[in-house]
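Report on the following structure.
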Amino acid sequence: MSSAIAVIDFETTGMSPAQGARATEVAIVLLEQGRVVDRFQSLMHSGAWVSPFITQLTGISNEMLRTAPPAAQVMREAARFVGQAPMVAHNASFDSKFWQAELALAGESAPQLFACTMLLSRRIYPQAPSHSLGHLARYLQLPSTGRAHRALADAEMAAALLARMQQELCTRHALPWPGHELLMQLQRRSRAAADGWLAQQAAPSLLAAR
DNA sequence: TGCCAGGCCCTCTTTAGGGCCTT
């Protein structure tokens with residue numbers, strides 16, 4: 001069984017699909033054991049209007065979307081690309097809402113569980129001055145992935161952040177390579193309880209190594 | 001009529017308020 005994790009990032013016309021915002025671009029990076037093994041990226045045309053503010057923020061214009069493939073087609077391809085892999089995003093409450101909303105409009109189900117690199121970074125790097133993706137990338141000196149606020153660059157950055165945190169858990173807490181289930185359990189712990197819980201998780205592996 | 005995200009987390013807290021984070 002594959003241990004792949006799908007790291008996703010959406011660019012959108014606004015903050016919430018409940019208020020009519022639509023996705024304009026999606027990118028997904030497949031990670032296995034902290035290594036990128038595949039990528040998916042596409043603009044998507046939903047007919048929604050892109051405001052000048054969003055065009056300035058993302059570089060994505062109404063003109064660019066006019067010739068983009070239909071949103072439903074892109075989302076069906078994205079769902080096939082992800083398959084059964086569990087998912088990760090930075091501030092996953094945002095991207096998971098668009099994943100569910102856009103797939104619903106495409107007539108597809110969205111059963112995937114989302115882990116969140118922002119919640120995880122608050123547990124693993126509580127001392128970081130900011131937990132925005134850009135600030136964390138600079139704080140951890142992650143390699144540049146391209147223009148911020150484009151989907152593939154941000155998905156690659158989130159993937160690099162995830163891989164760094166998985167490595168950090170291995171080295172700092174003597175854990176075996178942490179999979180999606182452990183990440184989900186860690187992000188559900190309070191910040192105050194995270195270190196103690198991680199120490200408990202490490203104990204069996206330390207005993208096994210003796 | 002007026003307003004419009006929402007979950008997490010800290011603190012001047014828990015019968016609450018406000019900043020962070022995503023576009």
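Both backbone and side-chain heavy atoms feed into the values below; hydrogens, waters and symmetry mates do not.
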Give the table of side-chain donor-acceptor pairs shorter than 3.5 Å for residues 21-32 of chain A, with sequence neighbours excluded, one pair per line with atom names and distance.
from    : atom 1 : to       : atom 2 : distance (Å)
A:Arg22 : NE     : A:Glu102 : OE1    : 3.4
A:Arg22 : NE     : A:Glu102 : OE2    : 2.8
A:Arg22 : NH2    : A:Glu102 : OE1    : 2.9
A:Thr24 : OG1    : A:Glu11  : O      : 3.0
A:Glu25 : OE1    : A:Arg150 : NE     : 2.9
A:Glu25 : OE1    : A:Ala151 : N      : 3.0
A:Glu25 : OE2    : A:Gln41  : NE2    : 2.7
A:Glu25 : OE2    : A:Arg150 : NE     : 3.4
A:Glu25 : OE2    : A:Arg150 : NH2    : 2.8
A:Glu32 : OE2    : A:Ser2   : OG     : 3.3

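- Looking at residues two or more places apart in sequence or on another chain, you find no ring pair (Phe, Tyr, Trp, His ring centres under 6.0 Å) involving A:Phe10.
- Counting to the nearest Å, the P atom of B:dC20 and the CE atom of A:Met118 are 12 Å from each other.
- Taking atom CH2 of residue A:Trp99 and atom C1' of nucleotide B:dT22, one finds them 17 Å apart after rounding to whole Å.
- A:Glu168 pairs by the side chain to side chain donor-acceptor pair (under 3.5 Å) definition with A:Tyr125, A:Arg172, not counting sequence neighbours.
- The side chain to side chain donor-acceptor pair (under 3.5 Å) test applied to A:Thr58 returns no partner, not counting sequence neighbours.
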All N/O donor-acceptor pairs, side-chain side in residues 63-86 of chain A, below 3.5 Å, sequence neighbours left out:
from    : atom 1 : to       : atom 2 : distance (Å)
A:Gln73 : NE2    : A:Glu77  : OE2    : 3.4
A:Arg76 : NH1    : A:Ala106 : O      : 3.0

So which protein nitrogen or oxygen atoms get under 3.5 Å of nucleotides 10-14 of chain B's nitrogens or oxygens?
from   : atom 1 : to       : atom 2 : distance (Å)
B:dC10 : OP1    : A:Arg191 : NE     : 3.0
B:dC10 : OP1    : A:Arg191 : NH1    : 2.9

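- For the segment residues 49-59 of chain A, residues with any heavy atom less than 4.0 angstrom from an atom of DNA chain B are, sorted by number, A:Phe53, A:Ile54, A:Leu57, A:Thr58.
- At the heavy-atom level, A:Asp9 lies under 4.0 Å from the strands shown only through sugar-phosphate atoms.
- Residues from residues 123-139 of chain A lying near DNA chain B, meaning a heavy-atom separation below 4.0 Å, are A:Arg123, A:Ser130, A:His131, A:Ser132, A:Leu133 in numerical order.
- Apart from A:Leu113 itself, the hydrophobic cluster it occupies contains A:Met184, where clustering links Ile, Leu, Val, Met, Phe, Trp and Tyr at side-chain heavy-atom distances under 4.5 Å.
- Applying the side chain to side chain donor-acceptor pair (under 3.5 Å) rule to A:Arg189 yields no partners; only residues at least two apart in sequence or on another chain are considered.
- At whole-Å resolution of the value, CZ in A:Phe114 and P in B:dG6 are 17 Å apart.
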Using the 3.5 Å cut-off, write out each protein N or O paired with an N or O of nucleotides 2-5 of chain B and the distance between them.
none

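- Under the side chain to side chain donor-acceptor pair (under 3.5 Å) criterion, A:Gln185 pairs with A:Glu181, sequence neighbours left out.
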